[in-house]
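Let me begin by presenting the structure, written as structure tokens, before commenting on it.
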Amino acid sequence: MPFQEVAMRKVLVFLGILALGLAFAQVRTFDQIKKSGEIRIGTEGAFPPFNYFDAKNQLTGFEIDLGNAIAKKLGLKPKWIAQSFDSLLIQLGQGRFDFVIASHGITEERAKAVDFTNPHYCTGGIIVSKKGGPKTKKDLEGKVVGVQIGTTYMEAAQKIPGVRQVRTYQKDPDALQDLLAGRVDAWITDRFVAKEAIKERKLEGTLQLGELVFQERVAMAVAKGNKSVLDALNKALADLMKDGTYAQISKKWFGEDVRCR
Ligand code: ARG
């Protein structure tokens, strides 16, 4: 085959794949989702106890239970898709999932790109360090802070005056790893994540919890303007909060009700 023909075929194959990709990756309305019988949910899978893979490599956590309960309320089969945290909202906009539940705090910046549901829990970012290490924002002067990339902790850490360096990690547990190894002086993460990590890894004698750096409302997200899905999720969440399901799931994971009040 002459070279030009081969090149042309390659271009055509490439265009074909591109077209297929565009056809499949489409933001779906709630009617389209209903017809398919399945709702696609995006999450991360590395943020225990909210969304993570357990020892048997099963996706689990508070947000997985909640997502499954929401799907059930809507009469749909959940299909979970785990992706890196920093790509979730981009892929949501491309129609890769119908909604995302991955502990996103509601921020003005994010709200420009996606639409948030009503919050499914309230929490805060907290300073974690080794015993004797920094506990307050003031203590962080001249220190190295580890945070997951693209999070509200990263944003908060960058705003603390005098911090020597903010080190970013693809996954939140990697920041904890570096704290334990002494490569960072402090880790800023979710307060429930910190509590769970200390308990789960038996680090009570090693780590300490410091100051709450900020508080946030955490919500699910849909593609910008996808009102039919937004309304369905808000309705389902409200129903679960009313009928006791939410309280039961929350008690199971935290021993308390973590809804915003
Ligand atoms: N709540 C924080 C934020 O809004 C962290 C979320 C991290 N979520 C995750 N699945 N790793 O940025």
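- For CD of Gln165, the number of neighbouring non-hydrogen atoms (other residues, nucleotides, ligands) closer than 6.0 Å is greater than 12.
- Val193 and Val184 fall within the same hydrophobic cluster, where Ile, Leu, Val, Met, Phe, Trp and Tyr residues are linked whenever their side-chain heavy atoms come under 4.5 Å apart, directly or through other members.
- We find the CH2-CD1 distance between Trp253 and Ile64 to be 9.0 Å, quoted to the nearest 0.5 Å.
- The backbone N or O of Gly142 sits less than 3.5 Å from a side-chain atom of Arg164, completing a donor-acceptor pair.
- The backbone N or O of Phe53 lies less than 3.5 Å from no partner atom in the side chain of Thr60, so there is not a single donor-acceptor pair.
- Contact between Val213 and Ile160 at its shortest, heavy atoms only, is CG1-CD1, 4.3 Å.
- Thr123 places a side-chain heavy atom less than 4.5 Å from the side chain of Val218.
- Without hydrogens or angle criteria, Ser250 side chain to Val258 main chain gives a donor-acceptor distance under 3.5 Å.
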(request) Walk me through it: do Asp174 and Gln148 pass the test side chain to side chain donor-acceptor pair (under 3.5 Å)? (result) CA-CA 8 Å; Asp174 295 341; Gln148 185 182 21; over 6 Å; no
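- Ile39 CD1 to Ile70 CD1: the interatomic distance, rounded to the nearest 0.5 Å, is 8.5 Å.
- With a 4.5 Å cut-off on side-chain heavy atoms, Leu74 and Phe30 count as touching.
- We find the CD1-CD distance between Ile41 and Glu63 to be 11.0 Å, quoted to the nearest 0.5 Å.
- With hydrogens and angles ignored, the 3.5 Å screen pairs no side-chain donor or acceptor of Gln83 with any backbone N or O of Gly42.
- Other residues, nucleotides and ligands place more than 12 heavy atoms under 6.0 Å from the NZ atom of Lys131.
- Taking each heavy atom of Val145 and Ala157 in turn, the nearest pair found is CG1-CB, 4.2 Å.
- Within 6.0 Å of atom NZ in Lys224, more than 12 heavy atoms from other residues, nucleotides or ligands are found, so the atom counts as buried in its surroundings.
- Tracing side-chain contacts under 4.5 Å through hydrophobic residues (I, L, V, M, F, W, Y), one never reaches Val27 starting from Phe116; they form parts of separate clusters.
- Between the side chain of Asp86 and the main chain of Gly150, no donor-acceptor pair closer than 3.5 Å is present.
- Within the 4.5 Å cutoff, no side-chain heavy atoms of Arg183 are placed close to those of Gln177.
- Atom CD of Glu109 has 12 or fewer heavy atoms from other residues, nucleotides or ligands within 6.0 Å.
- Residues Ile101 and Leu66 approach most closely at CD1-CD2, 4.3 Å, considering heavy atoms.
- With hydrogens and angles ignored, the 3.5 Å screen pairs a side-chain donor or acceptor of Asn234 with a backbone N or O of Asn118.
- At a threshold of 4.5 Å between non-hydrogen side-chain atoms, the residues Thr152 and Thr107 count as touching.
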(request) Evaluate the criterion side chain to side chain contact (heavy atoms under 4.5 Å, CB included) for residue pair Arg40 and Arg28; output intermediate values, then yes/no. (result) CA-CA 10 Å; Arg40 297 167 313 176; Arg28 303 195 297 174; 3.6 Å; yes
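- When all heavy atoms are compared, the tightest approach of Asn51 to Ala102 is ND2-CA, 3.7 Å.
- Tracing side-chain contacts under 4.5 Å through hydrophobic residues (I, L, V, M, F, W, Y), one reaches Phe214 starting from Phe192; they form part of the same cluster.
- The nearest pair of heavy atoms linking Glu38 to Lys79 is OE1-CD, 3.2 Å.
- If you take NZ on Lys73 and OG1 on Thr245, they are separated by 5.5 Å, rounding to the nearest 0.5 Å.
- Side-chain atoms of Arg201 and Pro173, non-hydrogen and from C-beta on, do get closer than 4.5 Å to each other.
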(message) Asp178 vs Arg167, test: side chain to side chain contact (heavy atoms under 4.5 Å, CB included). Steps then yes/no.
(response) CA-CA 10 Å; Asp178 262 14; Arg167 280 211 199 162; 4.2 Å; yes
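- Checked by atom type and distance alone, the side chain of Lys171 never pairs as donor or acceptor with a backbone atom of Phe47 at under 3.5 Å.
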(message) Does His104 form a side chain to side chain contact (heavy atoms under 4.5 Å, CB included) with Met220? I'd like the steps, not just the answer.
(response) CA-CA 7 Å; His104 286 92; Met220 297 170 270; over 6 Å; no
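- Taken from CZ in Arg217 to CD1 in Ile106, the straight-line distance is 4.5 Å, to the nearest 0.5 Å.
- Judged by distance alone, with hydrogens and angles left aside, the side-chain atoms of Arg259 form no donor-acceptor pair with the main-chain N or O of His120 at under 3.5 Å.
- Between Ile149 and Met154 the shortest side-chain heavy-atom distance falls below 4.5 Å.
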(request) Run the numbers on Lys35 and Asp31 for salt bridge (charged side-chain N to carboxylate O under 4.0 Å, His left out), then give the verdict. (result) CA-CA 6 Å; Lys35 275 193 198 108; Asp31 268 352; 5.4 Å; no
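- A heavy-atom distance below 4.5 Å is found between the side chains of Leu203 and Leu180.
- Hydrophobic clustering (side-chain heavy atoms under 4.5 Å, transitive across Ile, Leu, Val, Met, Phe, Trp, Tyr) keeps Ile90 apart from Val114.
- Contact record, Gln208 with Lys130: NE2-O, 3.4 Å, taken as the closest heavy-atom pair.
- Rounded to the nearest 0.5 angstrom, Lys251 NZ and Phe62 CZ are separated by 11.5 Å.
- The backbone N or O of Thr136 lies less than 3.5 Å from a partner atom in the side chain of Asp139, making a donor-acceptor pair.
- Within the 3.5 Å criterion, the main-chain N or O of Cys122 finds no donor-acceptor partner in the side chain of Gln215.
- In the hydrophobic clustering of ILVMFWY residues, with side-chain heavy atoms under 4.5 Å counting as a link, Leu88 and Tyr169 come out apart.
- Contact of the Tyr153 side chain with the Glu216 side chain is registered, since non-hydrogen atoms from C-beta on lie closer than 4.5 Å.
- Checked against Asp115 for a side-chain contact (heavy atoms from CB on, under 4.5 Å), the options Asn226, Leu92, Val222, Leu233 give a single hit: Val222.
- Of the residues listed (Tyr121, Phe50, Tyr246), the one engaging Phe254 in a ring-ring contact (aromatic ring centres under 6.0 Å, His included) is Phe50, and it is the only one.
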(message) Test side chain to side chain contact (heavy atoms under 4.5 Å, CB included) on Leu179 and Leu207; report intermediate values, then the result.
(response) CA-CA 9 Å; Leu179 173 64; Leu207 296 184; 3.8 Å; yes
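- Take Lys56 and apply the salt bridge (charged side-chain N to carboxylate O under 4.0 Å, His left out) test, not counting sequence neighbours, and it matches no residue.
- Shown here is Glu200, whose CD atom has no more than 12 heavy atoms of other residues, nucleotides or ligands within 6.0 Å.
- Checked for salt-bridge contact, Lys235 and Asp239 meet the test: a charged N lies under 4.0 Å from a carboxylate O.
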